[in-house]
Amino acid sequence: MSIGAEIVTFNPDVTKLKMNIERVVSQVNQLVLVDNGSNNVDEVRQLVREFNIKLIELNENKGIAAALNAGMEFFENQGMTWVITLDQDSLLPDNAVLGFKSVEQFDEPDTGILASQYDDLNWNESVRKEKLVDTTSAPIEKDMVITSGNMVRISAWRRAGRFDEWLFIDQVDFDFNARMRLVGYKIWQVNSVLMSHEIGAALKNGVFARMLLYKPGASLMQHSPFREYYMQRNTIVFEKRYPEFKKEKRPLWLFSFIHLRHVFLSDKPFAGFVAGLRGIIDGLRYSPENDNFINNFRGTVLNSSSKV
């Protein structure tokens, strides 16, 4: 049973990327980098030559979903069974694949994703204690997991309808998780596999954060205004697309504005707020009834095949 791995790159820190490659290249049958139009693509090419791995160049930033799909399609054509998906600065442990293969869920036909735990470098100890579980404990079935550090069954990726490229970046992972669950696949967190990962730069959680009603010790992350737009829009899109997984009871506009307040702690509060507001407006305008992607999934993929 062959296993590939793909690392999506966009203007990567080459030192960190090299560490990432070193960690994973010997654990899989083949490693592919998918580059989203990096300004330093020449440095990425140098690493590809150094490690004798494959590079897929998209030549422009088409988003994380398009890059992930490009890698998955490559491995599907190679006849692979599983693909590990990684961000450019994630660091898998040396025994990750052995850890994934050692659990009984690896052999279960309804397993769609085996996910690692991740330890964010920006977490404080209280958050770390809350988020992480004992690495000797049994796998936990999860509803949603981030994309990086996953081992994805290729047939499940295809059956769930691939990653949605319109979402571009944020909620791509949770959207994919939702569709995978709807067609009957399960998602398991393999606790023995602990990945080092960084979701975003940490924001200061001080007096101003208290004024914004954040609790002491809350882990707050900074993102660019560009990213803020997709975070806000796609969060609303997800809530509208999947009413069966809806957890938010407050009106979406209220939930979104509460969620947006963290931008006032960032280094670009005005630009972040404007971008986030645009995302909220576009999210509220979004209608699943006019969404060809999700309608095709529900009308064709979901209804034409029995569950796994």
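This is a predicted model, so every value here is computed, not measured. Index from 1, following the sequence.
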E6 vs L68 side-chain heavy atoms within contact, under 4.5 Å: yes
Distance, nearest 0.5 Å, that separates CZ of F100 from OG of S116: 5.0 Å
Salt-bridge contact E165-K62 (side-chain N to carboxylate O under 4.0 Å): no
Heavy-atom side-chain proximity of V145 to F174 below 4.5 angstrom: no
Flag, side chain of T111 to backbone of Q105, donor-acceptor distance under 3.5 Å: yes
Aromatic Y185 / basic R153 pairing, under 6.0 angstrom, 45° off normal: no
Side chain to side chain contact (heavy atoms under 4.5 Å, CB included) between M72 and E76, intermediate numbers included: CA-CA 6 Å; M72 297 295 288; E76 184 180 47; over 6 Å; no
F168-F226 aromatic ring centre distance below 6.0 Å: yes
Beyond-backbone contact of H197 with L121, side-chain heavy atoms, under 4.5 angstrom: no
Centroid-centroid under 6.0 Å between F293 and F297 rings: no
Test item: S148 and M195 side chains (from C-beta on) under 4.5 Å apart, heavy atoms: yes
R285 and I236, any side-chain heavy atoms less than 4.5 Å apart: no
Ring centre gap for W82 and F106 strictly below 6.0 Å: yes
